[in-house]
Amino acid sequence: MTQIKIFDTTLRDGEQSPGVNLNQLEKLELAKQLERLGVDVMEAGFPASSQGDFDSVKQIAESVKNVSVAGLARAVKSDIDACREALKNAANPRLHVFIATSPIHMEYKLKKTPDEVIDTAVEMVKYGKQFFDHVEWSAEDASRSDLDFLAKIIEKVIDAGATVINLPDTVGYTMPREYGAMFRYMKENVPNIDKADLSCHCHDDLGMALANSFAAVENGATQVEGTINGIGERAGNASLEEFGVALNIRNDYYPYHTNLVLKEIKRTSDMVSKFTGMTVPGNKAIVGRNAFAHESGIHQDGVLKNAQTYEIITPELVGVQSNNLVLGKHSGRHAFTDKIKQLGFTLSDDKLKEAFVAFKSLTDRKKEVTDDDLFAILTDIQTDTSNVKRYTLVDFKVQYGSSDKPNATVTLNTPKNDQQLTDSDTGQGSVEALYNTLDKIIYEDTQLTDFQLNSIGKGRDALAEVHVSLTVDGIAVSGRGSAQDVLEAAVQAYLNGVNRAIYQVKAI
Ligand code: KIV
Ligand code: ZN
């Protein structure tokens with residue numbers, strides 16, 4: 001069976017989703033989770049785009065060792081130099097250099113003739129090849145490029161040293177048969193094509209990203225690029241979890257396999273959704289909340305008689321566990337430490353202590369502590385930015401009655417001179433009363449632009465999780481908070497957003 005390599009670009013193309021703004025600690029945790037998921041290559045960022053991106057590519061390259069780490073570069077020397085510097089300590093670095101090849105991009109965006117584009121591409125691949133064994137070259141907007149021109153430039157960049165040729169459907173315009181035909185054309189018309197891997201990269205503007213990826217594979221692509229949950233620019237990228245599970249389930253049809261560890265899918269999807277604030281729709285294939293729910297009586301009856309009547313994927317395959325009780329009130333530090341290792345986390349002694357306290361406090365309030373609860377605690381602790389002074393909640397109260405206007409009182413520790421401040425305000429609802437009060441205490445000018453409430457797990461005692469989008473002194477950030485109580489989660493999410501903005505300003 002041919003192996004299809006999985007190139008994950010959640011941290012680069014995915015991070016370009018509107019409103020998504022991951023900090024360095026979150027990117028690192030996500031990179032470690034992608035390593036557990038078994039992707040072959042992860043594109044950690046675009047080092048030349050900002051100091052923050054550079055730093056996080058560097059940190060990821062130094063931390064994950066079982067996966068190739070790639071950095072994106074435009075076809076200019078300074079971008080390639082930034083990748084070289086950021087990836088210098090990576091175990092298996094890859095340069096990903098791109099230039100547009102469609103007539104519209106060459107004429108209006110690059111203002112270059114086709115021959116100039118060929119020269120630049122060749123020159124930059126040669127330049128990159130001096131520092132990288134693995135050079136991926138992408139023809140941006142390949143799907144709207146002239147096939148003969150594409151064949152010509154591909155032949156030349158392979159001669160210049162490119163080891164992977166990626167043909168993106170940058171604007172999500174192409175149809176599966178057309179996209180597949182482009183790959184077949186290159187296989188048949190580029191004389192040295194066997195010296196490089198062919199790769200596909202599909203956007204979902206017309207809802208074709210996954211179908212196009214399969215069409216590419218059917219016609220010779222051996223690498224598939226995409227993101228977890230399909231996040232990305234505009235309508236997003238091909239969903240890698242959908243690709244991996246579809247190949248696994250239809251192995252009777254496709255003679256291909258991937259190295260993905262499918263049981264890590266749900267957890268990876270949850271982490272991406274939590275960090276980005278992009279909630280997964282309930283009906284999303286593989287990772288949606290309803291993906292394994294059977295509503296109609298006929299279906300339920302069938303599933304009870306034989307699960308395969310209506311269930312082609314088992315929840316267990318992708319790591320969806322229903323209420324797996326792992327540890328309880330009486331579990332000791334030893335069992336807890338073992339469990340953390342099993343989940344793939346390495347914590348410093350201080351963070352381990354902190355995690356144990358958070359776990360014990362959860363067992364006081366929640367009867368059954370599941371893997372997913374622990375995972376939430378651990379990711380919160382690993383991405384905690386408390387080394388930068390910030391707002392912390394001391395106490396809050398809300399007076400609420402169905403015929404009274406809600407009134408909130410909040411006490412916060414503030415970063416300014418470590419002052420503790422208390423204030424009160426009202427609102428149309430309890431959350432508004434709390435947020436109006438927070439605005440009175442917080443020094444930064446803060447506007448709420450979005451609010452979402454979900455539960456982590458099922459049952460009455462499930463944790464509440466709130467995601468907010470804010471602008472804090474003009475910086476767009478997202479914030480999240482989880483707590484047993486919905487109002488506390490709402491307050492924590494707001495403070496988290498404000499603290500993230502403060503952290504971002506300090507980190508620049
Ligand atoms: O969609 C695209 O063309 C890209 C390239 C930079 C690979 O993301
Ligand atoms: Zn893209």
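Not measured: the values here are computed from a predicted model. Numbering of ligands and ligand atoms starts at 1, following listing order. When a residue number appears, it is its place in the shown sequence, counting from 1.
- Summarising the geometry of Thr379 relative to Lys274, their closest heavy-atom pair is OG1-NZ, 3.6 Å, with the distance given to 0.1 Å.
- The two residues Ala86 and Ala61 have their closest heavy-atom pair at O-CB, 3.9 Å.
- Residue His203 has at least one nitrogen or oxygen atom sitting less than 3.5 Å from a nitrogen or oxygen atom of ligand 1, judged on distance alone.
- For ligand 1, the polar-atom distance check against Thr170 finds a nitrogen or oxygen pair separated by under 3.5 Å.
- Annotation: side chain to side chain donor-acceptor pair (under 3.5 Å) contacts of Gln342 (sequence neighbours excluded): Lys339.
- Side-chain contact check for Gln24 and Glu26: no donor-acceptor pair (N or O, by modelled atom type) lies under 3.5 Å.
- Taking every heavy atom of Asp13 and a limit of under 4.0 angstrom, the matching atoms of ligand 1 come to 8 (O).
- Val125 and Ala162 get closest at one heavy-atom pair: CG1-N, 3.6 Å.
- Taking all atoms of both residues into account, the shortest heavy-atom contact from Phe375 to Gln33 is CZ-OE1, 3.7 Å.
- Listed by atom number, the atoms of ligand 1 under 4.0 Å from Glu140 heavy atoms are 3 (O).
- Taking the ring centre of Phe46 as origin, the terminal cationic atom of Arg74 falls outside the region bounded by 6.0 Å and 45° from the ring axis.
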Evaluation steps, side-chain hydrogen bond (donor to acceptor under 3.5 Å, both in side chains), between Asp204 and Asn237: CA-CA 6 Å; Asp204 209 27; Asn237 292 56; over 6 Å; no
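- An N or O contact shorter than 3.5 Å is missing between Asn166 and ligand 1 by distance.
- Counting heavy-atom neighbours within 6.0 Å of Lys263 NZ, excluding the residue itself, gives a total of 12 or less.
- Using cut-offs of 30° and 60° on the angle between ring planes, the pair His201 and His203 is tilted.
- The protein heavy atom nearest to atom 4 (C) of ligand 1 is His201 NE2, 3.6 Å.
- In this structure, atom 8 (O) of ligand 1 lies nearest to the protein heavy atom Arg12 NH2, 2.9 Å.
- The set of protein atoms (N, O or S) found at less than 2.8 Å from the Zn ion (ligand 2) reads Asp13 OD2, His201 NE2, His203 NE2, by chain and number.
- Near His96, meaning under 4.0 Å from one of its heavy atoms, ligand 1 places the atoms 7 (C).
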